[in-house]
Visitor: 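Next up is a structure, given as structure tokens.
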Amino acid sequence: MSQNRIVITGTISSGKSTVSKILRDKGFFVISADEVQKKLLEKNKKNYNAIKNTPVFRSVFDENGNLDKSKLSKIIFSEEEKRNLLNKITHQNIYDEMEEEYKISKKNTVFFEIPLFNPNNINFEYDEVWLVKSNKNIQLQRLMKRDNISYDYSLKKLQSQGNENINYDVLIKNDDNIENLKNQIYKLLKEKNYETY
């Protein structure tokens, strides 16, 4: 049996999590980089310590050492230099943890949900990349609704991701309704003969 390691990627509010849910509902094992990061940001975990030990990020911790994720988020989406530094000190830890979850799963086909996947400067194996793409206006509306934020802040978040040129093997368009998205995924699974075992 050949193993399949598929990355699901895209910019913010493109629909990566929705694609992941469709796959989970079909019985597939999906590892989310965002969920892994949440665990690693818990007090005294790897990325919590990596951020706390970096002087420029001291302001995102209170006097009790609690990480203020909203402050960290604002820095990520407004200061490119700090965003790049944060990626440098945390990303490999996320990939390493995902690798551990992959090994534990013992599944033949595993999907990895990773925002803005860039294989440069990281150690991570994958077989193909599925890029989820949406119209920018649709993304903005989703982002405003999901995070309950203003249009301007939504636009800033989206623009902070730049015009990422993500290399991909499969393009999934998510501008229509959920049924259209499901049909695209089901067709792909059938074409590639991916199984949940």
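Remember, it's a predicted structure, so these values are computed and weren't measured experimentally. Quick note: residue numbers are just sequence positions, from 1.
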Visitor: Can you find a heavy atom in the side chain of His91 that is under 4.5 Å from one in the side chain of Leu86?
Guide: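 Not touching, per the 4.5 Å side-chain cut-off.
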
Visitor: Going by the rule ring-ring contact (aromatic ring centres under 6.0 Å, His included), which residues pair with Tyr194 if we only count those two or more places apart in sequence or in a different chain?
Guide: none

Visitor: For Gln139, give me all partners under side chain to side chain donor-acceptor pair (under 3.5 Å), at least two apart in sequence or on another chain.
Guide: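 Partners of Gln139 under the side chain to side chain donor-acceptor pair (under 3.5 Å) test: Thr11.
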
Visitor: Got a sec, which residues hit side chain to side chain donor-acceptor pair (under 3.5 Å) with Thr18, two or more places apart in sequence or on another chain?
Guide: none

Visitor: For Phe77, which residues count as a ring-ring contact (aromatic ring centres under 6.0 Å, His included) partner, sequence neighbours excluded?
Guide: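 Not a single residue meets the ring-ring contact (aromatic ring centres under 6.0 Å, His included) criterion with Phe77.
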
Visitor: Here's one to test your reading of the geometry: is the NZ or CZ of Lys26 within 45 degrees of the ring axis of Tyr186 and under 6.0 Å from its centre?
Guide: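 Lys26 over Tyr186 ring: yes.
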
Visitor: Are Leu171 and Leu188 grouped together when hydrophobic residues (ILVMFWY) are joined by side-chain heavy atoms under 4.5 angstrom apart?
Guide: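 No, Leu171 and Leu188 fall in different hydrophobic clusters.
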
Visitor: Please name all residues satisfying salt bridge (Lys or Arg N to Asp or Glu O under 4.0 Å) with Lys38, sequence neighbours left out, ordered by chain then number.
Guide: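 Per chain and number, Lys38 pairs via salt bridge (Lys or Arg N to Asp or Glu O under 4.0 Å) with Glu35.
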
Visitor: Going by side chain to side chain donor-acceptor pair (under 3.5 Å), name the residues that satisfy it together with Glu99, two or more places apart in sequence or in a different chain.
Guide: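 Applying side chain to side chain donor-acceptor pair (under 3.5 Å) to Glu99 gives Arg5.
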
Visitor: Would you call Lys39 and Glu101 a salt bridge, taking side-chain N to carboxylate O under 4.0 Å as the test?
Guide: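 Yes, charged N to carboxylate O under 4.0 Å.
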
Visitor: Restricting to pairs with a member in residues 18-73, which pass ring-ring contact (aromatic ring centres under 6.0 Å, His included), not counting sequence neighbours?
Guide: Phe28-Phe111, Tyr48-Phe61

Visitor: For residues 120-129, which residue pairs pass the salt bridge (charged side-chain N to carboxylate O under 4.0 Å, His left out) check, not counting sequence neighbours?
Guide: Glu128-Lys192

Visitor: Checking Gln92 now: which residues fulfil side chain to side chain contact (heavy atoms under 4.5 Å, CB included) with it, not counting sequence neighbours?
Guide: Tyr95, Asp96, Ile122, Asn123

Visitor: Tell me every residue that passes salt bridge (Lys or Arg N to Asp or Glu O under 4.0 Å) with Lys71, counting only those two or more places apart in sequence or in another chain.
Guide: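 Salt bridge (Lys or Arg N to Asp or Glu O under 4.0 Å) list for Lys71, sorted by chain: empty.
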
Visitor: Please report, to 0.1 Å, the donor-acceptor pairs under 3.5 Å made by any side chain of residues 143-154, with sequence neighbours excluded.
Guide:
unit_1: Asp147; atom_1: OD2; unit_2: Lys157; atom_2: NZ; d: 3.0
unit_1: Ser150; atom_1: OG; unit_2: Tyr153; atom_2: N; d: 3.1
unit_1: Ser154; atom_1: OG; unit_2: Ser150; atom_2: O; d: 2.9

Visitor: With ILVMFWY side chains joined below 4.5 Å, transitively, what does Ile138's cluster contain besides itself?
Guide: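 Members other than Ile138 - counting any ILVMFWY side chain reachable under 4.5 Å - there are none.
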
